[in-house]
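Below, chain A is the first sequence line, B the second, and so on; all start at residue 1. Treat the numbers as computed from the prediction; the structure is a model and nothing was measured.
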Number of protein chains: 2
Amino acid sequence: MRKATIKDVAKIAGVSTSTVSRVLSGNTSISIATAEKVRYAAEKLGYIPNTAARCLRCDKSKSIGVVLPDISGEFYSLCASSILKYAHSAGYTVLFIESGNDLSSETEGVNILLQHGVDGMIFIGGGIDASLIQEISKEVSVVTGDRKVKNVPSVTFNNRVTVKKLTQSLYKSGFRKFLYLGESFNSFDNLSDRYAGFNDAINNYHDATAITILEDSLHGDKLSVSFELFENKISEIMPEVIITSNDLIAQGIISASYKCGIKIPEQIAVTGFDDMTSSAYYTPSVTTVRQDADKLSKICFNTLIDMIENKPVSSSEINQEIIIRESADIKEGTL
Amino acid sequence: MRKATIKDVAKIAGVSTSTVSRVLSGNTSISIATAEKVRYAAEKLGYIPNTAARCLRCDKSKSIGVVLPDISGEFYSLCASSILKYAHSAGYTVLFIESGNDLSSETEGVNILLQHGVDGMIFIGGGIDASLIQEISKEVSVVTGDRKVKNVPSVTFNNRVTVKKLTQSLYKSGFRKFLYLGESFNSFDNLSDRYAGFNDAINNYHDATAITILEDSLHGDKLSVSFELFENKISEIMPEVIITSNDLIAQGIISASYKCGIKIPEQIAVTGFDDMTSSAYYTPSVTTVRQDADKLSKICFNTLIDMIENKPVSSSEINQEIIIRESADIKEGTL
DNA sequence: ATGAATAATGCAATCGTTTGCATAATAATA
DNA sequence: TATTATTATGCAAACGATTGCATTATTCAT
């Protein structure tokens, strides 16, 4: 048998479809008796309102789009999970888009969202063309997470302050010869901010030395690259501490050093970024910076909903947390 | 200005809406000239077809629902990513639902999918009430992934065969005292299958000893549990090899043994399951079983689409791959 | 050139809701 | 009781697309 519609419910309950609609949405005055009848009929028929029809009529979909680089990344998947949670409990539905690498797949993805008439979009992380976001934000409510785009409300982490603090406490812990080893960046605010924070700290110390290595191929699982890098470059330099821009690099360094017979943290201290699950169980466990994905997601979502409901919104910044573990011995009280 | 509709396009192009529709869907005969005009008008207006309207009219949404325990799990997030990929390139949209723990959130999630009129659903992994799936499968096309439900097409891994093979090759590599350390199971086919495979192999050997420990609290990141377990129980037993039912347990064992001064793999060999990213970089790296999430997702999706299009479908099984690494020294040629 | 077949297009109904307006029923007030 | 507010309901028109049927324009064959 066909799926029950509001008409069927109306017929069974002996009222008009308007009444059924009103009972079910429950925001107008309805006599208790009819409400009862309607609810009974709906229940009996197993009536499920048709979202498409409602969406068409009301010109809003109660759905949002979420664009992120790849949903299988540890951080992003946590965001996905959180957003799903908040969205569902607010009666919203979520469409995810992986921006991937190329602009064309991005545009295509955004088009899917547009076609579906999402009420708003959240863009999380880099890798998505800024001008595209700008463009979209004129048509529909947009919030960016972990990234800033001009004239678009954003939710970001305080990377710069955190890395400055981290560097300072390493200095206070006695380290003097620093190596900053990070992914190269162009306009990725969070990466450049991390490096900026490093410099903020270093520039205050005249008895500290700092070298920087920025590499494109460091990210992802290309740890062998780190290994080479370690053998070729670091051995000449021999820093006392290596500050990296993500945990995978840090783990790569640790792994490489292990194979070269260099002891971590005894000979070289290493810090990461992201607090990946594996970092806690690594040997040695990785001193790193934790970013609260759930918090980011929550604020992004709430901000977006406020925008959709035409409430005033503003950007926000979330504090990161430095997690001290074995790979870098940060002295008590230096944070 | 309002978003352009098919009417606007029709007016600009000087044709009827029917014609516009036909041009854009491109499956009926249309003169080249009008097609040209229509396409030009659509382009000029930035026309984006309204999915809700189409969905309403055609009674299909070109969308599917995917229900999984949690989208942030490493394996599941890979599935999510893959499904997104295949779905989008087939013109489908995806709604994810986290089944979480309780039945109520499951039912709620499924309701969301029903309301949205998804054309089909994929249920991946355990934790979702089997009878609920049965129920749903009467209303809409359903495929299960990494799990079997009566009368529902499924895509599963050959857990039993794989673990049997793994056990056999460990035996052939010289191990005799086995410990199977896994999550306890009730109806989770994959877990019970793994254990069954272990027994399949062991039962053939009269000179091998096997102990089994099944624990509820082993899964997830409760590695301290493993640690306790290791100290209290295993030390009395002292197996030569430990076969675990997932990588986290294996890593926990490795980590615990390290702290107890037991050398792995020299004193005890350990195998995991899942081939998590971290397992490759662990020290020692973890011998494990890889399950191809992308393959699973692809077959699930294709099967579902076949069902939706009323083509005949059948269940399939995917071979797992044993990945030999440092934590368990499987001899060449024993596989 | 004339009728038959085919190709192009338009008309209008339809999908399932919601909602402004009108009306009927009820309650409050004078 | 007559009159006015208030509360409950129904009617019917949207929302934007698709599609069966009817119609017109075109092509083809004889």
Side-chain angles (χ1 to χ4, degrees), chain A residues 1-39 41-42 45-63 91 93 111-112 114-119, chain B residues 1-42 45-63 91 93 111 114-119:
Chain A
M1 79 239 120
R2 214 181 71 275
K3 235 196 284 189
T5 77
I6 202 172
K7 264 189 195 163
D8 304 321
V9 177
K11 184 176 290 178
I12 298 265
V15 297
S16 73
T17 61
S18 334
T19 302
V20 175
S21 172
R22 285 192 264 253
V23 169
L24 267 29
S25 67
N27 43 7
T28 22
S29 43
I30 292 284
S31 83
I32 299 182
T34 36
E36 193 71 13
K37 278 190 301 184
V38 169
R39 252 185 279 276
L45 289 175
Y47 169 69
I48 293 177
N50 181 317
T51 308
R54 174 180 296 167
C55 176
L56 176 58
R57 171 61 223 240
C58 300
D59 195 35
K60 60 192 175 63
S61 61
K62 278 288 220 173
S63 75
T93 225
N111 259 348
I112 296 179
L114 251 22
Q115 239 169 290
H116 269 263
V118 294
D119 298 336
Chain B
M1 81 239 121
R2 214 182 71 274
K3 236 195 285 190
T5 76
I6 201 171
K7 264 188 196 164
D8 303 320
V9 177
K11 185 176 290 177
I12 297 267
V15 298
S16 72
T17 61
S18 334
T19 303
V20 175
S21 172
R22 285 191 265 252
V23 169
L24 266 30
S25 66
N27 43 8
T28 23
S29 43
I30 293 284
S31 84
I32 299 183
T34 34
E36 193 72 13
K37 277 190 299 182
V38 168
R39 253 185 278 276
Y40 173 77
L45 289 174
Y47 169 69
I48 294 177
N50 180 316
T51 308
R54 173 182 298 167
C55 174
L56 176 60
R57 170 61 223 240
C58 301
D59 196 35
K60 61 194 172 66
S61 62
K62 280 288 221 173
S63 74
T93 225
N111 260 348
L114 251 23
Q115 243 170 284
H116 268 263
V118 294
D119 298 336

Mark up nucleotides 7-12 of chain C, 5' to 3', with B wherever a protein heavy atom is under 4.0 angstrom from a base atom, S wherever such an atom reaches only the sugar-phosphate, and - elsewhere.
SSBBBB
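Residue B:R54 contributes atom CZ, which lies 16 Å from atom C1' of C:dT14 at whole-angstrom precision. Protein atom CG of A:L56 is 9 Å distant from nucleotide atom C1' of C:dC15, rounded to whole Å. The separation between A:K3 atom NZ and C:dT17 atom P is 10 Å, rounded to whole Å. For B:D59 and C:dT14, the CG to C1' distance is 12 Å, given to the nearest whole Å.
Residues passing the side-chain hydrogen bond (donor to acceptor under 3.5 Å, both in side chains) test with B:D119 are B:S61, sequence neighbours excluded.
B:T5 comes within 4.0 angstrom of sugar-phosphate atoms only, judged by non-hydrogen atoms across all strands, and of no base. Residue-level contact check: A:N50 touches the backbone only, with heavy atoms under 4.0 Å from sugar-phosphate atoms and none from bases.
Expressed to the nearest 0.5 Å, how far SG of A:C55 lies from CG of B:L56 amounts to 10.0 Å. Atoms OG1 and CD1, from A:T34 and A:I32 in turn, are 9.0 Å apart once rounded to the nearest 0.5 Å.
A 4.0 Å heavy-atom criterion places the boundary nucleotides of DNA chain D facing chain B at D:dG16 to D:dG20, written 5' to 3'.
Distance alone, capped at 3.5 Å, is enough to place a donor-acceptor pair between the A:T51 side chain and the B:Q115 backbone.
The salt bridge (charged side-chain N to carboxylate O under 4.0 Å, His left out) pairs that include a residue from residues 13-39 of chain B number zero, where partners must be two or more places apart or lie in different chains.
Proximity of B:R57 to the phosphate of C:dT14: no side-chain N or O atom is located under 4.0 Å from OP1 or OP2.
Axis angle between the ends of the helix from C:dA1-D:dT30 to C:dA30-D:dT1, five pairs each and rounded to 10 degrees, works out to 40°.
Side chains of B:P49 and B:R54 form a contact here, defined as non-hydrogen atoms less than 4.5 Å apart.
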Quiz: residues 6-17 of chain B side-chain donor-acceptor pairs under 3.5 angstrom, not counting sequence neighbours:
from	atom 1	to	atom 2	distance (Å)
B:D8	OD2	B:R2	NH2	3.3
B:D8	OD2	B:T5	N	2.8
B:S16	OG	B:S18	N	3.4
B:S16	OG	B:S18	OG	3.4
B:S16	OG	B:T19	N	3.3
B:S16	OG	B:T19	OG1	3.2

